[in-house]
Amino acid sequence: MMTLAESFRELVSTDKTLKKDTRLCDEATFDVQYPTGFICIDYGIGQQILVDSPEKNLKYKYDAIGIVDGSINMAVARSGGGKTTMFTQMSGNIIRNFPTSSVFIDSVEGGITHRRLETLLNMTPQETHRRAHVRQNVTQEAFFKKIKVLHDWKLAHREELEYKCDELDSMGNPIYKLEPTVYILDSLAVLAPEKLHEEDDLSGQMATTASAKQLARIFRMLIVLCKEANIILFVINHITDDVQIGMV
């Protein structure tokens, strides 16, 4: 007797009406991970994959270490704690292994200079120019729109950007992914909506609430976009000593 999962796969593959709804029938792809160069972090968030395929006479284990493809990752610490430095170094270590991979940096606080970027990415000025795109004047809407543009472009050029991963999935099948793109948001704490810049009367608690609600909507949408296009998002946030809790 087939399990319910097997029966469901058969149903959506044979029913023409259901087959058209990709959100109903598509299954999640197997995750891959990219080493960041920080060994403690890579193994701390890594996992051991068991490949077990009797049909292909395969049974072995391998270590999958590093950042998961298309994931959203946040570092929270006080100013000067090395968040930007760490994420930029990670970005260079990830993209360096792929010919088209690049890093996009929204330096809202303006804390990344070209010389510092070259050093942290460990690239020449020429290679940094080819692989890195940095901007400073960023709003919440512009942040989302840029990732959406990258997502759409990568999916439209899938044949050029897709590669076969070195390892197999747990069933012994090859894994194909779009080459990784890294996106750094520096920082979330100062990313404001366009409306906040345009309306003088939007202030205080009202501004904070409106900004937080819009950010929540943006990140809900980004979860799907980043995974589909293999955009690894690094978000920098801050902790302050004076933490206040009040009524909303």
Side-chain angles (χ1 to χ4, degrees), residues 31-47 62-138 143 146-147 149-151 153-154 157 160-167 175 177-191 222 226-227 229-238:
D31 291 335
V32 298
Q33 293 177 246
Y34 301 101
T36 66
F38 291 75
I39 296 177
C40 292
I41 294 177
D42 287 340
Y43 277 93
I45 60 179
Q47 57 184 318
Y62 68 87
D63 293 330
I65 62 170
I67 297 293
V68 174
D69 64 282
S71 60
I72 299 177
N73 312 270
M74 181 180 291
V76 184
R78 292 183 174 84
S79 296
K83 303 179 297 296
T84 300
T85 297
M86 179 185 70
F87 275 159
T88 308
Q89 288 178 318
M90 286 182 173
S91 301
N93 292 334
I94 291 172
I95 68 173
R96 197 178 296 111
N97 299 311
F98 301 90
T100 68
S101 289
S102 302
V103 57
F104 294 83
I105 304 175
D106 282 349
S107 183
V108 187
E109 298 179 344
I112 190 79
T113 64
H114 283 89
R115 180 58 187 146
R116 185 185 180 200
L117 183 60
E118 294 161 10
T119 301
L120 295 178
L121 292 177
N122 193 21
M123 295 179 182
T124 64
Q126 295 76 16
E127 189 68 7
T128 300
H129 180 72
R130 289 184 63 248
R131 287 181 174 266
H133 185 278
V134 184
R135 63 176 178 172
Q136 293 180 343
N137 186 20
V138 186
F143 163 65
K146 188 173 182 180
I147 293 183
V149 169
L150 293 173
H151 165 274
W153 192 90
K154 291 185 74 173
H157 295 80
E160 304 167 39
L161 303 178
E162 196 169 57
Y163 76 100
K164 184 179 180 181
C165 303
D166 293 334
E167 300 291 353
I175 307 170
K177 291 286 180 180
L178 292 171
E179 293 192 357
T181 301
V182 180
Y183 199 112
I184 301 175
L185 174 60
D186 188 6
S187 68
L188 184 68
V190 294
L191 187 66
L222 287 182
C226 288
K227 195 62 179 181
N230 196 4
I231 299 172
I232 298 171
L233 178 58
F234 288 141
V235 181
I236 295 170
N237 208 346
H238 298 297

Where is the tightest heavy-atom contact between [X] and [Y], given as atom of each residue plus distance?
{"X": "E109", "Y": "V190", "value": "CG-CG2, 3.6 Å"}
{"X": "G70", "Y": "N230", "value": "N-OD1, 3.0 Å"}
{"X": "I231", "Y": "H151", "value": "CD1-N, 4.0 Å"}
{"X": "I105", "Y": "V103", "value": "CG1-CG2, 3.9 Å"}
{"X": "H238", "Y": "A189", "value": "CD2-CB, 3.8 Å"}
{"X": "D69", "Y": "K227", "value": "O-NZ, 2.9 Å"}

Could you pull out all residues at least two apart from [X] that satisfy salt bridge (Lys or Arg N to Asp or Glu O under 4.0 Å)?
{"X": "K154", "result": "none"}
{"X": "D42", "result": "none"}
{"X": "R96", "result": "none"}
{"X": "R135", "result": "D106"}

Please identify each residue that fulfils side chain to side chain donor-acceptor pair (under 3.5 Å) with [X], with sequence neighbours left out.
{"X": "T88", "result": "none"}
{"X": "T119", "result": "none"}
{"X": "E179", "result": "T100"}
{"X": "S71", "result": "N73"}

Measure the spacing between [atom1] of [X] and [atom2] of [Y] and express it to the nearest 0.5 Å.
{"X": "T85", "Y": "I236", "atom1": "OG1", "atom2": "CD1", "answer": "8.5 Å"}
{"X": "Q47", "Y": "D63", "atom1": "CD", "atom2": "CG", "answer": "10.0 Å"}
{"X": "I45", "Y": "C40", "atom1": "CD1", "atom2": "SG", "answer": "11.5 Å"}
{"X": "T128", "Y": "L121", "atom1": "OG1", "atom2": "CG", "answer": "5.5 Å"}
{"X": "I112", "Y": "D186", "atom1": "CD1", "atom2": "CG", "answer": "7.5 Å"}
{"X": "L178", "Y": "S101", "atom1": "CG", "atom2": "OG", "answer": "10.0 Å"}

Q) Quick one: ring-ring contact (aromatic ring centres under 6.0 Å, His included) pairs with a partner in residues 82-105, sequence neighbours left out? A) Y34-F98, F87-F234, F98-Y163, F104-H133
With sequence neighbours left out, what residues match [X] under side-chain contact (heavy atoms from CB on, under 4.5 Å)?
{"X": "A77", "result": "K83"}
{"X": "H157", "result": "W153, E160, L161"}
{"X": "E127", "result": "M123, T124, R130, R131"}

Side-chain heavy-atom pair [X], [Y] within 4.5 angstrom cut-off:
{"X": "M74", "Y": "L188", "answer": "yes"}
{"X": "I41", "Y": "M90", "answer": "yes"}
{"X": "N93", "Y": "T36", "answer": "no"}
{"X": "Q89", "Y": "L120", "answer": "yes"}

Q: Check the pair F143 / L222 against side chain to side chain contact (heavy atoms under 4.5 Å, CB included), numbers first and verdict last.
A: CA-CA 10 Å; F143 163 65; L222 287 182; 3.6 Å; yes
